[in-house]
Amino acid sequence: MSKFNSIMQLLVALFFAVSLVFFLSFESTKSLFGMETLQSGTVVTFLLVGLILFLCAWGTSSLVARNLRSDLAKKELEKKELKARMYDLEQSIKLKSFEQRIEPKEEEKDNSVIKPRQNFK
C-alpha cells in the first residue's frame, strides 16, 4: 500500500505539472491540440481530474498512516508485555538469591565450629 501511495502522489504531482505547463504555453501550442481558445469547461475538467487524483492520493496516505499507527500500537503493547516479563523474571531471580542467602545462614548455625556452652556444677 505504501508503494501505491507513493505512485499516487507522484501521479498527482506529474498531472499538475503537466497542466501548469499546458496552460502556460497554451498560446504557442494551441494548434497542436486543435483548440482555438481555452474554454472554461476545459479548465474545470482539468481541475476536477486533479481533484479526484488528489483525493485518491490523500485517501491512500491516510490509510498508510492508519496502518502504521496500528502497527506502532501493537509494537508498543508487545514492548510493554516484554518489560513485564523481564520484571517478573528479575523479581524471581532476586527472590531465589534472597532465599539462597537465608538458607546457608541457618545451616551455619547448626554446623558451627564453636561448641555450645556447658554448665558445670
Side-chain angles (χ1 to χ4, degrees):
M1 189 60 130
S2 177
K3 195 129 183 126
F4 183 69
N5 181 34
S6 299
I7 291 170
M8 287 299 294
Q9 289 177 350
L10 184 63
L11 186 65
V12 168
L14 185 65
F15 176 78
F16 281 115
V18 168
S19 298
L20 181 67
V21 169
F22 173 73
F23 289 126
L24 289 177
S25 65
F26 181 74
E27 286 297 320
S28 61
T29 60
K30 63 183 170 184
S31 61
L32 291 175
F33 298 108
M35 300 174 152
E36 233 7 82
T37 60
L38 189 60
Q39 297 176 355
S40 61
T42 309
V43 176
V44 169
T45 304
F46 268 98
L47 289 176
L48 285 177
V49 170
L51 176 67
I52 290 170
L53 286 174
F54 173 75
L55 290 177
C56 290
W58 181 65
T60 57
S61 65
S62 65
L63 285 174
V64 167
R66 187 173 20 158
N67 288 339
L68 287 175
R69 278 192 297 262
S70 67
D71 288 345
L72 182 64
K74 288 177 187 176
K75 299 269 186 204
E76 286 179 355
L77 181 63
E78 184 179 327
K79 183 177 89 170
K80 287 180 182 179
E81 289 175 355
L82 287 174
K83 280 185 176 181
R85 284 183 189 169
M86 286 184 62
Y87 179 77
D88 291 341
L89 288 174
E90 288 175 357
Q91 293 303 318
S92 66
I93 290 172
K94 286 180 183 177
L95 184 62
K96 286 179 185 177
S97 66
F98 182 70
E99 288 174 354
Q100 288 174 354
R101 277 189 266 155
I102 291 175
E103 288 175 2
K105 287 182 180 178
E106 291 174 358
E107 291 175 3
E108 285 179 9
K109 289 180 182 177
D110 295 337
N111 297 332
S112 66
V113 177
I114 302 174
K115 295 179 183 178
R117 186 174 134 187
Q118 296 177 353
N119 290 334
F120 294 104
K121 288 190 178 181

Please round to the nearest 0.5 Å and tell me the distance separating atom [atom1] of [X] and atom [atom2] of [Y].
| X | Y | atom1 | atom2 | result |
| --- | --- | --- | --- | --- |
| Lys79 | Lys75 | NZ | NZ | 12.0 Å |
| Leu63 | Phe4 | CG | CZ | 10.0 Å |
| Arg69 | Glu76 | CZ | CD | 12.5 Å |
| Phe26 | Thr37 | CZ | OG1 | 6.5 Å |
| Glu78 | Glu81 | CD | CD | 7.0 Å |

Apply salt bridge (Lys or Arg N to Asp or Glu O under 4.0 Å) to Glu27 and list each qualifying residue two or more places apart in sequence or on a separate chain. Lys30

I'd like to know whether CE of Met1 has more than 12 heavy-atom contacts from other residues, nucleotides or ligands below 6.0 angstrom.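 Yes.
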
Residues, nucleotides or ligands: over 12 heavy atoms within 6.0 Å of Gln39 CD: no

Can you tell me which residue pairs pass the side chain to side chain donor-acceptor pair (under 3.5 Å) test with a partner in residues 57-66, sequence neighbours excluded? Asn5-Thr60

Compile the donor-acceptor pairs under 3.5 Å between side chains in residues 7-21 and protein atoms, sequence neighbours left out, one pair per line.
residue, atom, partner, partner atom, Å
Ser19, OG, Phe15, O, 2.9

Does Ile52 belong to the same Ile/Leu/Val/Met/Phe/Trp/Tyr cluster as Phe22, with side-chain heavy atoms less than 4.5 Å apart forming each link?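 No, it is not one cluster - the side chains of Ile52 and Phe22 are not joined through contacts under 4.5 Å.
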
Specify whether Phe46 and Phe23 have parallel, tilted or perpendicular ring planes, treating 30° as the upper limit for parallel and 60° as the lower limit for perpendicular. perpendicular

Using side-chain heavy atoms (C-beta onward) and a distance below 4.5 Å, is Leu72 in contact with Leu68?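 A side-chain contact is absent here, since even the closest heavy-atom pair is not under 4.5 Å.
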
